[in-house]
There are 2 protein chains.
Amino acid sequence: MMIELRHLRALSLLRETGSLVRAAERLHLTQSALSHLFREMEDRHGQELFVRKSRPLRFTSAGLRLLQLGDDILPRVEVAQRDLARLASGQAGRLNIAIECHSCYQWLMPALNTYRDGWPEVELDLCSGFHFAPLPALVRGDLDLVVTSNPDPELKGLHYEPLFSFEMCLAISLKHSLLQELKRRWVEPQELAKEVQITYPVERERLDIFQHFLDPAGVEPAGIRTAELTVMMVQLVASGRGVCALPNWALYEYLQKGFVAQLQLGREGLWSTLYAAVREDLREQPYLADFLKTARNTCFANLQGIRTARARARARASPTMTEAT
Amino acid sequence: MMIELRHLRALSLLRETGSLVRAAERLHLTQSALSHLFREMEDRHGQELFVRKSRPLRFTSAGLRLLQLGDDILPRVEVAQRDLARLASGQAGRLNIAIECHSCYQWLMPALNTYRDGWPEVELDLCSGFHFAPLPALVRGDLDLVVTSNPDPELKGLHYEPLFSFEMCLAISLKHSLLQELKRRWVEPQELAKEVQITYPVERERLDIFQHFLDPAGVEPAGIRTAELTVMMVQLVASGRGVCALPNWALYEYLQKGFVAQLQLGREGLWSTLYAAVREDLREQPYLADFLKTARNTCFANLQGIRTARARARARASPTMTEAT
DNA sequence: CAATCATCATGAGTTTTATTCATGTTTAAT
DNA sequence: ATTAAACATGAATAAAACTCATGATGATTG
């Protein structure tokens, strides 16, 4: 037989009340039950847990060690139990968020701030700077929500909630020769072979420009240069150090200010959809559903040039509307 | 009903094995038993714990939360269980030591070093700088051994193992007028009323000179000055800033070097006995019994002027021998 | 696509464990 | 010494944990 929480709870209560009778009362048991219980524990461990004939009650070293264990773990069990109850009722929960798309901080931060007001009980955590694959971590339970544009259909048990569709665009210097040479508003992959790509400092697989544009065409850029911040990337582009792919909504303000020019990636433009990946069973939870709503609202309120995934799907079906923004 | 460790163990094993059948094998149960067990847990918490029809096995958020709890607390339970087993067998244990007497570091450190070699499994900790009463902490289980010269007979469940008896002596400057004035080797409390006392920086109640010499006679010294280290206290005495009570064994080397002179406190000398206080049930433990032996050996090997408590008791009974050292 | 195999669920029956009840023993207080 | 409160104990009972036998489900394969 093994230690059980029941034993630790009883022992803790024995210390608290100072007598079997009162401890039994608190546990809604008889004094006899506790007497049997402690005797069994003592038999199991081969030593006394407390000194019977003594007032006030005294514990032996073994008893004290078990009390210490109880002090250590019982509160944790309580917390877990509350978490489960809240999870069942949908009142609150944990929301460990990771984002794959670096620019997304732009809308995620305001969204989180708004959300926090409505759900102060939800334990929010933003797991940036992770060096593990986020979607498996979501399945494992280390994360609760992943913002990604690359759903993995292999992973079971996940639901991908579309947030919005956006266009990946190429930021290019106003003085760049391509702007003059091309008689069109879009580039082919081959036309970027001589350019330096400015990117976020993350793995190549997580950059849409490579995964969905250059790599499929077998084009390698003249160089790759990284920058942490979007504003730095734009600055490098503006000063002619290279070109850079950014979501249209991230690029918008810099276009307005006339810092850089914009080209579409390919004739159709490189559209993709951003999803919030969550575990299926969490999807219905009010606190999560509301987070998704808040996130979407924040995005459509603040980001220029994005579309609902549905609208974009319709647009793709009827090519005449493709370029509408 | 409440969460029990059995549930957490089963769930962890389910994750480890990936199936009810294999988890049941490992637990020496039938698959049916586990099926019933998990169903009950789910009923209790009002939600599924894992997704049945799925390979590989997937857990729900609730299941993951319980797994996390298990990962958190099950290892702690294991550790406690091992501790209890070792406590039962007397192989090893914990030894959190506190000392009331500041000078005792002088022999405690070598004793600990010797002891460590023989009992590498025992978790040794020296709780110095405590600001709580050490004997109650010993009863409570926060400490396992307290070196004290003031046993408290009120506290039940403690055993006081005598280490040795020693004499509290007064260190006094070689040029001090008292040395000339007195025609004897001892002082009365009243004769210290004009002196500054140099003491360790601890509460007055913990200083034998006050508790057993000055306070009973109602004598207040001209001043109190503190120093952290014995050597500093002796230095202050040597330079005439005051007098200072120290155990004879701590004073010995400074007398030898001729830094200070020594006077007895009262005609009989102020003898007291140093005890190692332990909880009664720990007393028989081999690892503890051996610590006491090592400590005593170290003391008698290194300290000059100490006596066994028994010898001192005999000496006190026959006054003619009182002053023998 | 049926056949097969492995896994899991289920209900009744059984064993084990937890608890109570009735009563005796010990302890501390008066 | 007497008494009251607390605790221990063994038998009886209630509750739980578990098994067995079997049926359902899902994945695999020829």
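Residue numbers start from 1 in every chain, and the chains themselves are labelled A, B, ... in the order their sequence lines are given, proteins ahead of strands.
Here the P atom of nucleotide C/dA18 and the CG atom of A/L27 are 14 Å apart, to the nearest Å. Taking atom CD of residue A/E40 and atom P of nucleotide C/dT16, one finds them 14 Å apart after rounding to whole Å. Distance A/E4 CD to D/dA17 P: 9 Å, rounded to the nearest Å. When rounded to the nearest whole Å, the span between CZ of B/R58 and C1' of D/dG26 equals 14 Å. When rounded to the nearest whole Å, the span between CZ of B/R6 and C1' of D/dA16 equals 8 Å. Remark: P of C/dT7 and CG of B/L14 are 13 Å apart, rounded to the nearest angstrom. The separation between B/L20 atom CG and D/dA24 atom C1' is 14 Å, rounded to whole Å. What separates CD of B/E25 from C1' of C/dT7 is a distance of 12 Å, to the nearest Å.
For A/H36 against C/dT20, a side-chain N or O and a base N or O form a donor-acceptor pair under 3.5 Å. Judged by distance alone with a 3.5 Å cut-off, a donor-acceptor contact links the side chain of A/S32 to the base of D/dT9. For C/dA9, its base sits under 3.5 Å from the side chain of B/Q31 at one donor and acceptor pair at least. Counting distance only, with no hydrogens placed and no angle test, the side-chain atoms of A/H28 and the base atoms of C/dT19 include no donor-acceptor pair under 3.5 Å.
Residue B/V21 has its side chain nearest to C/dC8 when only D/dA17, C/dC21, C/dC8 are considered. If you check C/dT20, C/dT7, D/dC18 against the side chain of B/R22, the one that comes closest is C/dT7. Between D/dC20, C/dT20, C/dA9, one nucleotide has an atom nearer to the side chain of A/A33 than all others, and that is C/dT20. Checked against C/dT19, D/dT9, C/dT10, the side chain of A/L29 finds its nearest nucleotide in C/dT19. Residue A/S19 has its side chain nearest to D/dA6 when only C/dA18, D/dT19, D/dA6 are considered.
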message = Test side chain to side chain contact (heavy atoms under 4.5 Å, CB included) on B/D83 and B/V79; report intermediate values, then the result.
response = CA-CA 6 Å; B/D83 286 353; B/V79 170; 4.0 Å; yes
ask   = Where do B/Y115 and B/L124 land on the side chain to side chain contact (heavy atoms under 4.5 Å, CB included) test, with the steps shown first?
value = CA-CA 10 Å; B/Y115 179 76; B/L124 277 177; 3.9 Å; yes
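For D/dA8, neither phosphate oxygen OP1 nor OP2 lies less than 4.0 angstrom from any side-chain nitrogen or oxygen of A/R39.
B/N150 pairs in a side chain to side chain donor-acceptor pair (under 3.5 Å) with only one of the listed residues (B/E205, B/E100, B/H212), which is B/H212.
One finds a salt bridge joining B/D215 and B/R204 here, because a Lys/Arg side-chain nitrogen approaches an Asp/Glu carboxylate oxygen to under 4.0 Å. Using a 4.0 Å cut-off between a side-chain N of Lys or Arg and a carboxylate O of Asp or Glu, B/E203 and B/R206 qualify as a salt bridge.
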